[in-house]
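A short write-up of the structure that comes next.
For the numbers below, each heavy atom of this structure counts, side chains included, while hydrogens, waters and symmetry mates do not. Computed from a predicted model, the values in this text were never measured in an experiment.
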Amino acid sequence: MNFEALGVFTPYATFFLAVIIGIIGWLLKWMINGNHRQFAELHQQIRHLGVEIKELEKSRQLDQKYIYE
C-alpha cells in the first residue's frame with residue numbers, strides 16, 4: 001500500500017474506530033447503570049426486610065413477656 005492510499009483510508013478508518021469506541025463506551029455505561037439499578041433494588045429489599053425483622057422482633061418480645069407473666 002502506498003502513501004496516497006494510506007492517506008485516503010485513514011479518515012475512514014479513524015471515523016470507523018471512533019464509532020466503535022463510542023458504541024463500546026455506551027454499552028459499558030448501560031451495563032454499569034444496570035448494575036447500579038440492581039444494587040439499588042437490592043438495597044431497598046434489604047431495608048424492607050430489616051423493617052419486617054424489627055416488627056417480628058417486637059411481637060416476639062411481647063410473646064415472651066406474656067409467657068413469663
| said: Working to the nearest 0.5 angstrom, can you tell me the gap between Leu17 CG and Ile24 CD1? | reply: 9.5 Å
| query | Does any non-hydrogen side-chain atom of Asn33 lie less than 4.5 Å from one of Lys29? | reply | yes
| message | Rounded at 0.5 Å granularity, tell me how far CG in Leu28 sits from CH2 in Trp26. | response | 11.0 Å
| request: Output the distance between atom CG (Leu42) and atom CD1 (Ile46), rounded to the nearest 0.5 Å. | output: 4.0 Å
| field | From Thr14 atom OG1 to Phe9 atom CZ, the distance as rounded to the nearest 0.5 Å | value | 13.0 Å
| Residues that Glu41 engages under side chain to side chain donor-acceptor pair (under 3.5 Å), provided they are two or more places apart | none
| said: According to salt bridge (Lys or Arg N to Asp or Glu O under 4.0 Å), does anything in residues 46-58 pair up with another residue at least two apart or in another chain? List the pairs. | reply: Glu57-Arg60
| query | Which value, rounded to the nearest 0.5 Å, describes the distance between Asp63 atom CG and Leu56 atom CG? | reply | 10.5 Å
| request: Following the transitive rule for hydrophobic clusters with a side-chain heavy-atom cut-off under 4.5 Å over Ile, Leu, Val, Met, Phe, Trp and Tyr, establish whether Ile23 and Phe15 coincide in one cluster. | output: yes
| query | Same cluster for Leu27 and Val19 if Ile/Leu/Val/Met/Phe/Trp/Tyr side chains link at under 4.5 Å? | reply | yes
